[in-house]
Asker: 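This is the structure I have questions about; it appears just below.
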Amino acid sequence: MHQTAIAPTALPRDTLLAELSAIAGDAHVLTSARATRRYIRGIRFGGGPVAAVVRPGSLVEMWRVLKAVIASGRAVILQAANTGLTGGSTPWGEDYDREIVLISVMRLKGIHPIDGGRQVVCLPGTTLDRLEKTLRPLGREPHSVIGSSCIGASVLGGICNNSGGALIRRGPAYTELTLYAEVRPDGSVALVNHLGLDLGDDPETILARVEAGDLPPATPTEAWGSDREYASHVREVEAATPARFNADPRRLREAAGCAGKLAVFAVRLDTFEAETETAVFYIGTNDPAELTGIRRHMLGTFDSLPIAGEYIHRTAYDIAARYGKDTFLFIRHLGTDRMPALFAAKARVDALTERLGLGTAISDRIAQGIAWLMPQHLPARMNAFRDRFAHHLILRMGGAGIAEARAYLKGMFPSAGGDMFECTADEGRDAFLHRFAVAGAAGRYRAVHPRTVEDIVALDVALRRNDRDWLEQLPPELDTQIEAKLYYGHFFCHVFHQDYVAKKGTDCLALEHAMWHLLDRRGAEYPAEHNVGHLYKAKPALADFYRRLDPTNALNPGIGQTSPRAWWAEGCDCGGH
């Protein structure tokens, strides 16, 4: 493949900016603090200066921008939707030894169904929401539907982070069929075509053909476009290892799990036949062992795996009912298509209020005030279960699994500790939408309560598949530092999100590290699906994977609290939260 070499010394910034403008256009090379703000700050964590934010308008432009920046002696951060929760797609402070150029890929949208829609080729700016809508008329679905935390998230972001998902049968986002560029040990940039499609040898011709959808007929390949083992893997309820987590060596391969250490131009993915008939069962209990029994029985004996099984603790239910209400109502009435525009508008308002010295929480307060005036949004039967039960499980079944679940649950409930009901279509929709609003509610709570809240410590944790005692019990010395604990997650995969609202004055870094020690003792893996970002330290196997992918450390340096310096040089304590 074609290669270009890194310059031994950095090109002057003005010279590079002129070159980038010639490639992408002046309007898409951003340098001012106002213009770059929404790109260089994460939605929860992360931020730092960049030499420029570049928004290429084609795959060929992206290739040329990448080559120019690497050749200038600078590092690159590639960013899609910037919905990550661990700061992994933005700069992290100012301790780099080179300038950073951030390449935003969100103008590069495109979805090309192949093989009758059984697979798709997706460009870097494609969102999960748009993919879902594109496949719906074909009777197909993507790996993930509306995410638990990141509505508007990109398809490629999920692959690059080995992200999880709410759909039990489909496992982590994964493919072995990708088109990417790598920076090689000699400092050259090379395009690698592992899409399994014969597109020629010239990089710019390959990229132009992929963008245009000028693809040859797909031929059989042994390479996977999804994790085809997961449905059986998750059923192994006696296994003493987690079902899925970001750093699982089983699913680290080239772009899959690369965390920005490769520049990914396209991915080829499996799609899945959509269920034509589904039903949602809402289960409440005060006895966590009842939910353990349901999980183990269904995974171990049911002919049909559930489609999804989402857990919410009562505290998370309550905080989402108040602080996630605006998100819930926006999506229910206006749909997910408009969420990116909403995020962009919020970023502009926050930037303005920050410049005026008013902080960045005014937009949150306004949204909260409007939502507070709206009528009750959650179904009455759900709220009644909230009053009766501390633990809630939302279970979606499809096809023959509906009758299987209905018979099993009716034989189990009502019990001494719990009860269940089968949702109407509207109740089922609202139950899952409420679950999806939970993750953002913790951040909103923090924004609205700055006087009592220091920060949010957010963990996503993969417990062992054979763990029966999944409900965390914190020691008093940690519990007293926390104002509220939000527990929610993908129950059948045993992946839990644990958001701790830390009281004012708490040392959040020390609190987080204490949580890690507890998780280590439980044999858990973390992060489970949001990847290490800059909050977590990459374990040795994952850090070695990053070094193999990016030997010069030119792409997303410092990820996983690794060295932020060129060629992985040590001597700078730049990681950490």
Asker: So, for Phe436 and Phe328, is the gap between ring centers shorter than 6.0 Å?
Answerer: no

Asker: Minimum heavy-atom separation for Tyr488 to Asp499, with atom names?
Answerer: OH-OD2, 2.7 Å

Asker: Rounded to the nearest 0.5 Å, how far apart are CZ of Arg435 and CG of Leu393?
Answerer: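 Output value for this atom pair is 11.5 Å.
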
Asker: Which side-chain hydrogen bond (donor to acceptor under 3.5 Å, both in side chains) pairs, counting each pair once, include a residue from residues 161-171, with sequence neighbours left out?
Answerer: Glu141-Arg170, Asn161-Asn531, Arg169-Glu275

Asker: Nearest 0.5 Å, please: how far is CG in Leu199 from CG in Leu207?
Answerer: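 Between Leu207 CG and Leu199 CG, I get 9.5 Å after rounding to 0.5 Å.
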
Asker: Tell me, do His490 and Leu167 make a side-chain contact under 4.5 Å, heavy atoms counted?
Answerer: no

Asker: Can you name the nearest heavy-atom pair linking His377 to Ala321, along with the distance?
Answerer: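 Closest approach of His377 to Ala321, heavy atoms only: CE1-O, 3.2 Å.
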
Asker: Check side-chain contact (heavy atoms from CB on, under 4.5 Å) between Asn82 and all other residues, then give those that pass, not counting sequence neighbours.
Answerer: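 For Asn82 the side-chain contact (heavy atoms from CB on, under 4.5 Å) partners, ignoring immediate neighbours, are Gln79, Ser89, Thr90.
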
Asker: Which atom names give the shortest non-hydrogen contact between Leu305 and Ala231, and what distance separates them?
Answerer: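 Minimum heavy-atom separation between Leu305 and Ala231: CD1-O, 3.6 Å.
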
Asker: Between Ala538 and Val532, what is the shortest heavy-atom contact and its length?
Answerer: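 Distance-wise, the nearest heavy atoms are CA-CG1, 4.2 Å.
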
Asker: Which distance, rounded to the nearest 0.5 Å, do you find between the CG of Asp287 and the CZ of Phe389?
Answerer: 11.5 Å

Asker: Side chains of Ile159 and Leu269: does their closest heavy-atom pair fall under 4.5 Å?
Answerer: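 Ile159 reaches Leu269 side chain to side chain.
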
Asker: State whether a side-chain donor-acceptor pair under 3.5 Å links Glu529 with His497.
Answerer: yes

Asker: Judged by modelled atom types alone, do Glu472 and Tyr487 share a side-chain donor-acceptor pair under 3.5 Å?
Answerer: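 Yes, Tyr487 and Glu472 have a side-chain donor paired with an acceptor closer than 3.5 Å.
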
Asker: Could I get the full list of side chain to side chain donor-acceptor pair (under 3.5 Å) partners for Thr241, not counting sequence neighbours?
Answerer: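 Side chain to side chain donor-acceptor pair (under 3.5 Å) check on Thr241 returns Arg465.
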
Asker: Got more than 12 heavy atoms from elsewhere within 6.0 Å of CG, Asp115?
Answerer: yes

Asker: Indicate yes or no for a side-chain donor-acceptor contact from Lys485 to the backbone of Ile482 under 3.5 Å, with no hydrogens or angles considered.
Answerer: no

Asker: Check for a donor-acceptor pair, side chain of Thr285 on one end and backbone N or O of Gly417 on the other, with a separation under 3.5 Å.
Answerer: yes

Asker: Using a 4.5 Å cut-off on heavy atoms from C-beta on, say whether the side chain of Tyr323 contacts that of Val438.
Answerer: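 The answer is no, as the side chains (C-beta and beyond) never meet within the 4.5 Å cut-off.
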
Asker: If the condition is side-chain contact (heavy atoms from CB on, under 4.5 Å), which residues does Thr301 pass it with, not counting sequence neighbours?
Answerer: His297

Asker: Pair Arg388, Asp419 - check salt bridge (charged side-chain N to carboxylate O under 4.0 Å, His left out), show working.
Answerer: CA-CA 9 Å; Arg388 294 171 59 194; Asp419 205 348; 3.6 Å; yes

Asker: Are any of the side-chain heavy atoms of Trp470 and Pro288 separated by less than 4.5 Å?
Answerer: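 The answer is yes, as the side chains (C-beta and beyond) meet within the 4.5 Å cut-off.
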
Asker: Using a strict threshold of under 4.0 Å (side-chain N to carboxylate O), is an ion pair present between Asp248 and Arg251?
Answerer: no

Asker: Check the pair Asp326, Arg444 against salt bridge (charged side-chain N to carboxylate O under 4.0 Å, His left out), reporting the backbone distance first and the verdict last.
Answerer: CA-CA 10 Å; Asp326 54 335; Arg444 184 64 56 80; 2.2 Å; yes

Asker: Could you tell me which residues satisfy side-chain contact (heavy atoms from CB on, under 4.5 Å) with Asp318, sequence neighbours excluded, listed by chain and number?
Answerer: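 Once residues adjacent in sequence are excluded, the partners of Asp318 under the side-chain contact (heavy atoms from CB on, under 4.5 Å) criterion are Arg314, Arg386.
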
Asker: Can you list the steps and then say if Ile206 with Leu179 is a side chain to side chain contact (heavy atoms under 4.5 Å, CB included)?
Answerer: CA-CA 9 Å; Ile206 293 171; Leu179 176 65; 4.0 Å; yes

Asker: With a 4.5 Å heavy-atom cut-off, do Val120 and Leu131 have their side chains touching?
Answerer: yes

Asker: Quick one, Arg296 and Glu238 - any side-chain contact, counting heavy atoms below 4.5 Å?
Answerer: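 Yes - at least one pair of side-chain heavy atoms lies under 4.5 Å apart.
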
Asker: Would you say that more than 12 heavy atoms from the other residues, nucleotides or ligands in this model lie under 6.0 Å from the CD of Glu236, or not?
Answerer: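 More than 12 within 6.0 Å, yes.
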
Asker: Run the side-chain donor-acceptor check on residues 218-226: report pairs under 3.5 Å with partners two or more places apart or on a different chain.
Answerer:
unit_1, atom_1, unit_2, atom_2, d
Thr221, OG1, Ala223, N, 3.1
Ser226, OG, Asp270, OD2, 2.7

Asker: Please lay out, stage by stage, how Phe432 and His434 fare under the test ring-ring contact (aromatic ring centres under 6.0 Å, His included).
Answerer: CA-CA 5 Å; Phe432 276 96; His434 183 55; over 10 Å; no

Asker: Counting C-beta onward and ignoring hydrogens, is there a side-chain heavy-atom pair between Arg140 and Glu273 closer than 4.5 Å?
Answerer: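 They are in side-chain contact.
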
Asker: Please name the residue in the list Leu291, Ile394, Val495 that meets the side chain to side chain contact (heavy atoms under 4.5 Å, CB included) test with Tyr311.
Answerer: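 Testing each of Leu291, Ile394, Val495 against Tyr311, the sole residue satisfying side chain to side chain contact (heavy atoms under 4.5 Å, CB included) is Leu291.
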
Asker: Please give me the minimum heavy-atom distance between Asn193 and Gly196, naming the atom from each residue.
Answerer: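 So the two residues come closest at OD1-N, 4.4 Å.
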
Asker: Is a salt bridge present between Arg295 and Glu290, judged by a nitrogen-to-oxygen distance below 4.0 Å?
Answerer: no

Asker: Answer with yes or no whether the side chains of Tyr317 and His392 bring together a donor and an acceptor at under 3.5 Å.
Answerer: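 The answer is no; no qualifying pair exists.
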
Asker: Give, for atom OH of Tyr282 and atom CD1 of Ile312, the distance between the pair rounded to the nearest 0.5 Å.
Answerer: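 Rounded to the nearest 0.5 Å, the OH-CD1 separation comes out at 5.5 Å.
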
Asker: Are the side chains of Ile294 and Met412 in touch, meaning some heavy atoms are under 4.5 Å apart?
Answerer: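 Yes; the side chains approach each other to less than 4.5 Å.
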
Asker: For His313, which residues count as a ring pair (Phe, Tyr, Trp, His ring centres under 6.0 Å) partner, sequence neighbours excluded?
Answerer: His391

Asker: Report the residues that fulfil side-chain contact (heavy atoms from CB on, under 4.5 Å) with Pro306, sequence neighbours left out, ordered by chain and then residue number.
Answerer: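 For Pro306, the residues satisfying side-chain contact (heavy atoms from CB on, under 4.5 Å) (neighbours in sequence not counted) are Ile168, Met298, Leu395, Met397, Phe492.
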
Asker: Would you please classify the geometry between the Tyr230 ring and the His233 ring as parallel, tilted or perpendicular, with 30° and 60° separating the classes?
Answerer: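 Tilted.
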
Asker: Taking the basic N atoms (NZ, or NE/NH1/NH2) and the acidic carboxylate oxygens, is any pair closer than 4.0 Å for Arg522 and Asp469?
Answerer: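 Salt bridge flag = no for Asp469 with Arg522.
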
Asker: Quick one: ring pair (Phe, Tyr, Trp, His ring centres under 6.0 Å) partners of His143, sequence neighbours excluded?
Answerer: none

Asker: Ring pair (Phe, Tyr, Trp, His ring centres under 6.0 Å) with Phe281: which residues, sequence neighbours excluded?
Answerer: none

Asker: Distance to the ring centre below 6.0 angstrom and angle to the axis at most 45 degrees; does that hold for Lys539 and Tyr526?
Answerer: yes

Asker: So which pairs with a foot in residues 486-498 pass salt bridge (Lys or Arg N to Asp or Glu O under 4.0 Å), sequence neighbours left out?
Answerer: none

Asker: Run the numbers on Tyr408 and Phe302 for ring-ring contact (aromatic ring centres under 6.0 Å, His included), then give the verdict.
Answerer: CA-CA 10 Å; Tyr408 169 65; Phe302 266 34; 5.8 Å; yes

Asker: Going by the rule side chain to side chain donor-acceptor pair (under 3.5 Å), which residues pair with Asn286 if we only count those two or more places apart in sequence or in a different chain?
Answerer: none

Asker: What distance do Ile111 atom CD1 and Thr126 atom OG1 have between them, rounded to the nearest 0.5 Å?
Answerer: 5.0 Å

Asker: The test is salt bridge (charged side-chain N to carboxylate O under 4.0 Å, His left out); show your working for Arg548 and Glu254 and say whether it passes.
Answerer: CA-CA 10 Å; Arg548 291 196 303 272; Glu254 296 178 344; over 6 Å; no

